[in-house]
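Worksheet: one structure, shown below.
Just so we're on the same page: letters track the sequence lines, and every chain starts at 1. Values in this document were obtained by computation on a predicted structure and should not be read as measured data.
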There are 2 protein chains.
Amino acid sequence: MADSPKRQARRRKIPEATVSRLPIYLRSLLEAAGDGLPTISSERLAELSGFNAAKVRKDLSYLGSYGTRGVGYDVEYLQFQMSRELGLTKDWHVVIAGVGNLGHALANYGGFSERGFPVAALVDADPEVVGTEINGIVVRHIDELPAVVAEEDISIGIIATPASAAQEVADRMIDAGIRSILNFAPTILTVPPDVSLRKVDLAVELQILSFYQQRRSGDGDGSASSESAGSGRGG
Amino acid sequence: MADSPKRQARRRKIPEATVSRLPIYLRSLLEAAGDGLPTISSERLAELSGFNAAKVRKDLSYLGSYGTRGVGYDVEYLQFQMSRELGLTKDWHVVIAGVGNLGHALANYGGFSERGFPVAALVDADPEVVGTEINGIVVRHIDELPAVVAEEDISIGIIATPASAAQEVADRMIDAGIRSILNFAPTILTVPPDVSLRKVDLAVELQILSFYQQRRSGDGDGSASSESAGSGRGG
DNA sequence: TTCCGCTTGTTCACGTGCTCACAAGCACGG
DNA sequence: CCGTGCTTGTGAGCACGTGAACAAGCGGAA
Ligand SMILES: NC(=O)c1ccc[n+]([C@@H]2O[C@H](COP(=O)([O-])OP(=O)(O)OC[C@H]3O[C@@H](n4cnc5c(N)ncnc54)[C@H](O)[C@@H]3O)[C@@H](O)[C@H]2O)c1
Ligand SMILES: NC(=O)c1ccc[n+]([C@@H]2O[C@H](COP(=O)([O-])OP(=O)(O)OC[C@H]3O[C@@H](n4cnc5c(N)ncnc54)[C@H](O)[C@@H]3O)[C@@H](O)[C@H]2O)c1
């Protein structure tokens with residue numbers, strides 16, 4: 001604990017809540033950079049990202065003291081530091097499992113490559129789908145997943161299969177060496193502790209919305225987490 | 001405050017964190033009902049939903065005392081109470097704005113209707129898209145939004161337009177009377193306090209995954225919120 | 001050089017959410 | 001009718017996240 005007097009700041013533990021806000025800050029910085037601003041204050045960054053200034057400053061302080069008192073943060077430098085912290089200095093290759101409705105849309109989406117997450121492979125179990133080409137990528141059979149992961153240097157897996165197949169697909173991904181999974185199937189997946197799992201569940205989001213809407217119609221109370229603060233336009 | 005001695009339990013305030021878990025519990029109950037179980041213990045429900053039993057019990061206690069000590073919760077009855085609380089006793093009609101890649105996939109997806117959120121209308125700004133039919137629904141022009149909302153009794157809006165148009169589309173939705181919005185565009189929206197706003201941002205999810213993956217490769221620490229507890233299969 | 005205004009970084013107090021632990025209470029068997 | 005076993009419902013302590021407030025510190029003006 002008391003090794004060296006002042007040197008405990010290396011590799012700070014960043015709170016989970018903060019981590020989930022970093023990408024938003026980064027996007028806001030990109031916007032500020034686009035406007036040609038050399039520096040940005042926590043106040044302005046708060047406006048752009050939809051949080052409050054105190055939270056912004058506290059979050060940024062976990063990355064280090066990259067601001068200048070009386071001036072603000074150097075946009076470009078902060079962008080760099082944040083990208084580094086988020087691991088965005090390299091591309092992360094993504095495989096999408098399940099090339100149906102949703103898988104198609106994701107494969108065609110250009111926004112991933114732009115942000116450093118190129119879709120490098122597609123896999124499916126349906127022989128009719130395997131072999132077809134989407135956005136320049138030929139769909140491979142899911143049995144080939146280990147080979148695909150090795151060949152394409154895949155590190156992130158996206159599950160866009162029906163819920164019934166999701167756990168099996170996740171297991172296969174993990175067997176193939178993937179340690180980060182994003183799941184779109186509406187089901188609970190079980191993964192070992194060394195695997196990161198995040199989920200996107202649209203039905204859940206809609207149900208949360210309906211809860212608050214019903215409450216609002218019943219008595220008086222809104223708010224459904226998320227942003228909504230600030231004023232004017234947001235970005 | 002002290003109006004009647006024991007009657008403060010009416011219309012309990014349910015914590016936000018609990019609300020976001022209710023849809024998961026509901027889905028787990030559906031599964032249990034499918035297996036023909038008449039009752040379910042908090043322990044089992046915890047397994048199915050990926051949380052721990054204490055949290056399950058506390059969450060359910062906000063809805064009321066619907067369990068039976070020594071036995072568990074009546075699956076059907078709890079399902080009913082939870083649906084009622086979430087406002088799922090009626091259908092909520094949804095409009096999707098922006099019928100591109102993603103909008104198409106969402107419009108074709110059957111899972112929404114199944115869960116009580118039928119897609120009742122589609123709107124877009126592109127004259128080439130307006131008039132086309134998807135999944136039995138003719139795409140209308142976004143200028144007609146107020147009429148569409150009235151005609152189709154829309155209460156939830158989904159934004160699947162490019163980020164640059166998202167704020168304007170949100171404003172139009174709100175003008176048209178919509179009070180619940182789900183945003184897929186990677187941008188911060190500003191809405192009045194009486195409007196619920198939730199967002200789904202895939203790039204953010206991927207960046208969070210890359211943060212933890214990079215950390216894991218650097219020193220030793222995993223975990224990216226979400227589920228991952230329990231053992232065996234999860235659903 | 002010195003002073004002043006501005007913004008950061010941090011501290012502190014508070015609220016929310018989570019986990020543990022256990023008494024209360026129900027069903028069932030004897 | 002009563003005891004036993006099991007599961008709920010909840011109270012207390014703790015961890016985490018949030019927001020306000022302010023001293024520290026930098027840049028620019030005079
Ligand atoms: N389409 C949407 O807009 C949408 C919205 C929300 C959630 N989802 C969820 O996303 C998932 C996919 O939805 P969809 O509409 O694309 O479904 P889909 O049926 O159109 O596509 C599923 C694809 O997965 C493939 N597949 C099935 N089993 C597989 C396996 N074991 N390994 C690999 N591939 C397999 C199928 O061949 C098919 O191509 C579902 O879980 C759905 O609930 C979809
Ligand atoms: N496609 C994906 O898989 C995916 C994934 C993550 C996020 N997103 C986000 O979802 C949004 C849509 O993505 P996409 O790939 O479907 O884009 P897209 O360009 O294919 O479709 C956008 C649609 O919105 C319409 N539109 C544009 N301005 C409009 C306006 N003012 N009012 C109504 N409609 C308007 C366009 O005509 C087009 O049909 C984007 O913000 C994107 O970043 C998409």
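Computed from coordinates, the A:Glu43 CD to C:dG9 P distance equals 15 Å when rounded to whole Å. For the pair A:Lys55 NZ and C:dT7 C1', the interatomic distance rounds to 20 Å; values are reported in whole Å. Across the protein-nucleic acid pair, A:Lys58 atom NZ and C:dT10 atom P stand 10 Å apart, rounded to whole Å. Here the C1' atom of nucleotide D:dT7 and the CG atom of B:Leu60 are 13 Å apart, to the nearest Å. Distance NZ (A:Lys13) to C1' (D:dG17): 11 Å, rounded to an integer number of Å. Atom pair A:Leu63:CG and C:dT10:P shows a separation of 12 Å (rounding to whole Å applied). One interatomic measurement links the two molecules: CZ of B:Arg21 to P of C:dT16, which rounds to 15 Å at whole-angstrom precision. Rounding to whole angstrom units, CZ of residue A:Arg44 and C1' of C:dT7 are separated by 16 Å.
Backbone-only contact: A:Ala17 has heavy atoms under 4.0 Å from sugar-phosphate atoms and none from a base. A:Tyr62 comes within contact range of no nucleotide atom at all, as no heavy-atom separation falls under 4.0 Å.
With contacts defined as side-chain heavy-atom distances shorter than 4.5 Å, the pair B:Asp201/B:Phe184 does not qualify. The shortest distance between side-chain heavy atoms of A:Leu26 and A:Pro23 does not fall below 4.5 Å.
At least one side-chain nitrogen or oxygen of A:Tyr73 sits closer than 4.0 Å to the OP1 or OP2 atom of C:dG9.
Of the listed nucleotides (D:dG17, C:dG9, C:dA21), C:dG9 has the atom at the smallest distance from the side chain of A:Arg57. When each of C:dC26, C:dG9, C:dT19 is scored by its nearest atom to the side-chain atoms of B:Arg69, the top-ranked nucleotide is C:dC26. For B:Asn52, the listed nucleotide lying nearest its side chain is C:dT19; candidates were C:dG9, C:dT19, D:dC26.
Side-chain contact of B:Ser42 with B:Arg57: a donor-acceptor pair under 3.5 Å is present, judged by distance alone. Using modelled atom types and a 3.5 Å distance limit, the side chains of A:Asp74 and A:Thr39 yield no donor-acceptor pair.
Comparing A:Asp59 and A:Thr68 by the nucleotide of DNA chain D whose heavy atom lies nearest to each, the residue mapping closer to the 5' end is A:Asp59.
No close placement of the A:Tyr73 and A:Tyr66 rings is indicated, their centers lying 6.0 Å or farther apart.
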